[in-house]
Participant: 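Provided herewith is a single structure, encoded as structure tokens, for subsequent inquiry.
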Amino acid sequence: MAQSDETKKKVVVRVCIGTGGLAAGGKEVIEAFKKAISDFCVDIELDFTCHYQKVGCRGFCARDVLVDVVDGDTSVTYQGIKPDIAKRIVQEHLINGQPVKEWLIDDSYYSFHSKQMKVLLKDCGTIDPEDIQAYSKVGGYTGIRKILSTMTPEDVIAEIKASGIRGRGGAGFPTGVKWEACRKAQGDVKYIVCNADEGDPGAFMDRSIIEGNPHSVIEGMMIAAYAIGAGLGYVYIRAEYPAAVERLKLAIAQAHETGHLGKGLFGSDFSFDLRIKLGAGAFVCGEETALIASIEGERGMPRAKPPFPVHRGLWGRPTVINNVETLSNIPYIIRNGASWYSSIGTDKSKGTKVFALTGKIRNTGLIEVPMGIRLGEIIYDIGGGIIGDKKFKAVQLGGPSGGCIPDHLLDTPVTYEDIVRTGAIVGSGGMVVLDETDCMVNIAKFFLEFTQAESCGKCVPCRIGTKRLLEILDRITRGLGKEGDIELLEALCSDIKVASLCGLGQTAPNPVLSTLKYFRHEYEAHIKDKKCPAKACKDLLIYSILEDICKGCGVCKRACPAGAISGDKKKPHKINADLCIRCGACFDVCKFNSVNRE
Amino acid sequence: MLEEKDMNDVLDRIIAKYREDEGNVIFLLQETQDALGYIPEEAVAYFSKKLDIPSSRFYGVLTFYSQFHLKPRGKNILSVCCGTACHVKGGTKIAERIQRDLGLASDGETTEDGKFTFEIVRCVGACSIAPVVLVNNKAHAEMSADSASKLVTELKKKETGVGAK
Ligand SMILES: Cc1cc2nc3c(=O)[nH]c(=O)nc-3n(C[C@H](O)[C@H](O)[C@H](O)COP(=O)(O)O)c2cc1C
């Protein structure tokens with residue numbers, strides 16, 4: 001007789017539907033599994049039932065789609081799964097019990113994880129972010145219950161101060177100190193705001209946390225609200241993250257339904273509610289005073305501090321603004337204790353930090369490391385080194401407010417103090433790896449294009465200063481640099497730093513200063529020799545065809561969008577320099593390396 | 001384009017929501033754009049009259065935030081990410097190619113037939129799969145100028161060829 005479904009064993013297929021997983025086809029993979037199972041069911045009676053679990057970012061995006069097959073106590077992980085492989089996994093693994101060897105994770109998966117320490121990301125890749133019960137099952141909402149029954153707000157603040165956690169939004173301000181200032185501020189209405197604007201290009205930590213574990217952020221905000229005396233919180237999140245917004249909305253709705261948000265929570269007299277505010281596409285709104293203006297429905301222009309938001313924030317009321325990752329850490333600190341947290345990391349930089357590891361690196365993805373790990377360990381052990389046979393040049397930290405750290409400083413420990421000493425900042429967690437083909441003047445120009453466009457225009461040093469910086473960098477990369485440009489850049493940078501109103505302007509020169517510090521010779525080569533050592537600046541390149549190597553195959557001629565290449569079949573071709581737009585299409589397509597670029 | 005009466009109905013509904021939502025101008029405009037695809041001048045004039053707020057205040061907000069569009073946008077939106085990771089992995093080349101394939105002069109423009117809008121965006125937070133192109137908000141991973149060009153060709157076929165109404 002056929003076994004009823006309830007008595008059959010359960011197999012769980014866990015699929016990553018973070019940003020990377022979705023783009024690689026995570027949803028299609030789930031569908032393919034479902035289809036394969038139902039196809040097999042037509043012919044045979046399966047001795048198991050298959051359940052699907054969607055999880056947030058698991059970090060190793062370079063190997064997406066990642067799929068776990070969990071059968072009782074054993075869990076097998078597959079990488080690089082496409083929908084057409086699902087059928088084989090169902091047949092060979094689920095039905096016949098033999099994992100499909102070709103798609104199993106390999107050594108790089110283990111080395112990617114070996115030096116990591118997952119606190120926040122541990123739950124991110126294993127629980128269903130669309131189910132509040134999943135978070136509760138791994139200890140979620142025990143932190144808030146614990147403080148409501150056993151701790152005063154002052155106790156909570158003392159605990160957070162003792163943990164040593166510093167803000168993850170970039171500046172690294174001690175969180176407990178900020179909360180204490182707000183607690184002590186005059187006023188009966190106070191607010192807690194979660195900064196999920198994540199505008200730094202090259203960063204997706206906050207997005208992944210919200211997509212993968214939204215309830216940890218909600219619980220963190222509740223604990224903060226209790227500590228400072230707030231009854232209402234806002235999450236300011238960028239509209240460019242539609243999936244994260246949906247997850248958060250769902251999480252808030254579920255929290256309401258299950259009594260995790262609202263009045264008199266968990267049998268206490270503490271009430272807390274949460275609203276979402278969508279950003280509208282302005283980087284400067286990540287700055288706290290601009291963010292406040294934006295929540296109030298105004299143009300997001302920063303104002304001078306003091307008064308600080310903890311004294312005069314949203315609608316003039318005392319307000320704490322914390323970053324997503326900061327808040328997500330809070331429940332774990334309360335649950336495990338301040339001494340547990342402060343045992344991770346170094347003397348002055350505690351805990352773990354999540355980084356978005358990207359650029360010219362083999363193992364791109366989302367990583368979480370203990371503070372104090374060396375940069376080189378991240379690049380080579382976790383990241384697996386540089387793609388191809390290229391040489392490492394620099395790692396960019398802190399986005400438009402940060403800087404580039406060169407090879408000889410890869411021993412630097414990742415702590416707030418040590419990274420600042422190099423001229424970069426830990427920042428919010430963007431870590432973009434650059435190789436020998438990246439031009440450092442071009443990178444500086446890239447960031448200035450960004451800050452110049454995003455400057456709100458309120459103060460002159462930032463509005464006009466970044467524009468002038470960009471113009472100078474632009475002419476250098478186009479071979480029009482002049483003697484004295486470097487000195488001019490330096491002078492301008494120091495003026496903008498001291499005279500700008502907010503952090504945007506104050507840090508905008510950092511990408512220029514740090515590249516000048518370590519790669520001054522590249523600036524000089526552009527200005528004096530009109531050469532780009534990395535061969536990246538288009539206007540400084542000359543393309544020609546090496547006649548003795550060219551086979552006359554004509555591939556370059558067809559690839560050239562400008563019609564600049566001529567030549568008969570099987571005879572060496574030629575590039576007309578007047579027509580050439582230096583796009584490099586010929587260089588990229590030539591199989592014989594007969595296109596010369598200098 | 002909606003008839004004036006229909007549009008005013010839509011706008012009235014948005015005003016009602018706005019009153020519930022703390023009277024937030026950004027929210028009002030976001031809802032309008034969600035409903036209409038862009039912010040028509042007439043909508044601003046209508047809000048200004050109904051809410052007694054000078055239209056300059058609306059335009060101040062509209063021009064400050066890059067999310068708002070004052071002109072209608074294409075049926076398909078092709079966004080090329082040029083954030084840091086995409087930039088170092090060739091995002092600019094991809095952007096140039098798509099722009100050329102669509103025959104558009106600059107970032108933010110729409111083709112004459114209203115089928116495609118091309119834009120450059122600054123980081124969509126999908127850096128680990130750079131370079132990225134978004135087609136109507138769906139991310140396509142690890143693109144190259146060639147694969148992006150193919151994507152455009154396919155889309156064009158879908159819009160003009162078989163199956164199109
Ligand atoms: C131009 C600018 C942009 C910023 N963008 C962000 C951001 O996107 N996310 C964030 O958390 N903090 C951002 N910050 C830092 C915030 O102003 C603030 O310091 C932070 O949210 C405080 O939270 P924390 O103490 O938990 O780090 C930005 C600062 C500046 C000057």
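First the proteins, then the strands, lettered A, B, ... as listed; each starts at 1. Just so it is clear, the model here is predicted, and its values are computed rather than measured.
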Participant: side-chain contact (heavy atoms from CB on, under 4.5 Å) for B/I26 and A/E296? Distances and angles first, verdict last.
Facilitator: CA-CA 9 Å; B/I26 297 176; A/E296 292 172 354; over 6 Å; no
Participant: So which residue, A/G297, A/A282, A/G279, ends up with the most heavy-atom pairs under 4.5 Å with chain B?
Facilitator: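 Most heavy-atom pairs under 4.5 Å with chain B: A/G297.
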Participant: Between A/T19 and B/G125, what is the shortest heavy-atom contact and its length?
Facilitator: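 The answer is CG2-O, 4.2 Å.
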Participant: Please classify the contact between B/R100 and chain A as side chain, backbone, both or neither, with a heavy-atom cut-off of under 4.5 Å.
Facilitator: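 Side chain only.
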Participant: Between A/D438 and B/K89, does any side-chain N to carboxylate O distance fall below 4.0 Å?
Facilitator: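 Judged by the 4.0 Å cut-off on N to carboxylate O distance, A/D438 and B/K89 do not form a salt bridge.
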Participant: Do you know which of A/R207, A/M301, A/E454, A/R238 has the most heavy-atom pairs with chain B at a distance under 4.5 angstrom?
Facilitator: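 Max contact count across the listed options: A/R207.
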Participant: Counting heavy-atom pairs closer than 4.5 Å to chain A, which one of B/N24, B/V132, B/T84 comes out on top?
Facilitator: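 Counting heavy-atom pairs under 4.5 Å, the top option is B/T84.
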Participant: Ignoring hydrogens, what is the shortest heavy-atom contact between B/G83 and A/P201? Give both atom names and the distance.
Facilitator: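 Result for this residue pair: CA-CB, 4.0 Å.
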Participant: Could you measure the distance from the CG atom of A/N442 to the OG1 atom of B/T92? Nearest 0.5 Å is fine.
Facilitator: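 So the gap between those two atoms works out to 7.5 Å.
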Participant: Tell me, do B/V88 and A/D435 make a side-chain contact under 4.5 Å, heavy atoms counted?
Facilitator: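 Result no, sub-4.5 Å side-chain heavy-atom pair not found.
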Participant: Measure the CZ-NE2 distance between A/F447 and B/H87 for me, rounded to the nearest 0.5 Å.
Facilitator: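 It is 8.5 Å, given to the nearest 0.5 Å.
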Participant: Considering only heavy atoms, which portion of A/A356 lies under 4.5 Å from any heavy atom of chain B: side chain, backbone, both, or neither?
Facilitator: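 Neither part, no heavy atoms under 4.5 Å.
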Participant: In terms of side-chain geometry, is the basic nitrogen of A/R582 or B/E96 positioned less than 4.0 Å from the acidic oxygen of its partner?
Facilitator: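 Result for this pair is no, no salt bridge flagged.
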Participant: Relative to chain B, which of A/A24, A/P561, A/A244 shows the most heavy atom pairs under 4.5 Å?
Facilitator: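 Option with the greatest count: A/P561.
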Participant: Looking at B/R97, B/H140, B/R57, which has the largest count of heavy-atom pairs under 4.5 Å with chain A?
Facilitator: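 Of the options given, most contacts go to B/R57.
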Participant: At a heavy-atom distance under 4.5 Å, which candidate from A/D200, A/T364, A/L22 has the highest pair count against chain B?
Facilitator: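 Of the candidates given, the most pairs with chain B belong to A/T364.
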Participant: Which atoms of A/E298 come close to chain B, meaning under 4.5 Å heavy atom to heavy atom: side chain ones, backbone ones, both, or neither?
Facilitator: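 Both parts, backbone and side chain.
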Participant: Can you see which heavy atom on B/F68 is nearest to which on A/A280, and at what distance?
Facilitator: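 Closest approach of B/F68 to A/A280: CE1-CB, 4.0 Å.
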Participant: At a 4.5 Å cut-off on heavy atoms, which part of B/C81 comes close to chain A: side chain, backbone, both, or neither?
Facilitator: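 Neither; nothing under 4.5 Å.
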Participant: Quick check on A/S294 against chain B: is it the side chain, the backbone, both or neither that has a heavy atom closer than 4.5 Å?
Facilitator: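 Contact with chain B is through both the backbone and side chain of A/S294.
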Participant: As an exercise, state the distance from CZ of A/F204 to SG of B/C123, rounded to the nearest 0.5 Å.
Facilitator: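 Between atom CZ of A/F204 and atom SG of B/C123 there are 9.0 Å.
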Participant: Which bit of A/D64 comes within less than 4.5 Å of chain B, counting heavy atoms only: side chain, backbone, both or neither?
Facilitator: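 No part of A/D64 comes within 4.5 Å of chain B.
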Participant: Mark yes or no for whether A/R299, through its side chain, and B/G60, through its backbone, hold a donor-acceptor pair below 3.5 Å.
Facilitator: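 It does hold such a pair.
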Participant: Work out which heavy atom in A/V284 is nearest to a heavy atom in B/F64; give both atom names and the distance.
Facilitator: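 Closest approach of A/V284 to B/F64, heavy atoms only: CG1-CZ, 4.0 Å.
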Participant: For A/L278, is it the side chain, the backbone, both or neither that has a heavy atom under 4.5 Å from a heavy atom of chain B?
Facilitator: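 Its backbone and side chain both get close to chain B.
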Participant: Ignoring hydrogens and geometry, is there a side-chain-to-backbone donor-acceptor pair from B/S128 to A/C61 under 3.5 Å?
Facilitator: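 No.
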Participant: Got more than 12 heavy atoms from elsewhere within 6.0 Å of CG, B/D113?
Facilitator: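 Above 12, so yes.
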Participant: Heavy atoms only, distances under 4.5 angstrom: which of A/C456, A/G300, A/A239 has the most pairs with chain B? Name it, please.
Facilitator: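 Counting heavy-atom pairs under 4.5 Å, the top option is A/G300.
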Participant: By a 4.5 Å heavy-atom criterion (distance strictly below it), what part of A/C439 contacts chain B: side chain, backbone, both, or neither?
Facilitator: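 A/C439 has no heavy atom closer than 4.5 Å to chain B.
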Participant: Could you look at B/A130 and say if it's the side chain, the backbone, both or neither that has a heavy atom under 4.5 Å from chain A?
Facilitator: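 Neither; nothing under 4.5 Å.
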Participant: How close do A/T358 and B/C127 get, counting heavy atoms only, and between which atoms?
Facilitator: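 That would be CG2-CB, 3.3 Å.
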Participant: Take atom NZ of B/K138 as the centre, draw a 6.0 Å sphere, and report whether it contains more than 12 heavy atoms from other residues, nucleotides or ligands.
Facilitator: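 Correct, the count exceeds 12.
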Participant: Answer with side chain, backbone, both or neither: which region of A/F283 has an atom nearer than 4.5 Å to a non-hydrogen atom of chain B?
Facilitator: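 Neither part.
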Participant: First locate atom NZ of A/K277, then atom CZ of B/F27, and finally report the distance between them rounded to the nearest 0.5 Å.
Facilitator: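 Going from NZ on A/K277 over to CZ on B/F27, the span is 7.0 Å.
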Participant: Could you tell me the separation between the CD atom of A/E240 and the CZ atom of B/R122, rounded to the nearest 0.5 Å?
Facilitator: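 Reported to 0.5 Å precision, the distance equals 11.0 Å.
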Participant: Who among A/P400, A/S208, A/G202 has the most heavy-atom pairs with chain B under 4.5 Å?
Facilitator: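 Among the listed options, the one with the most contacts to chain B is A/G202.
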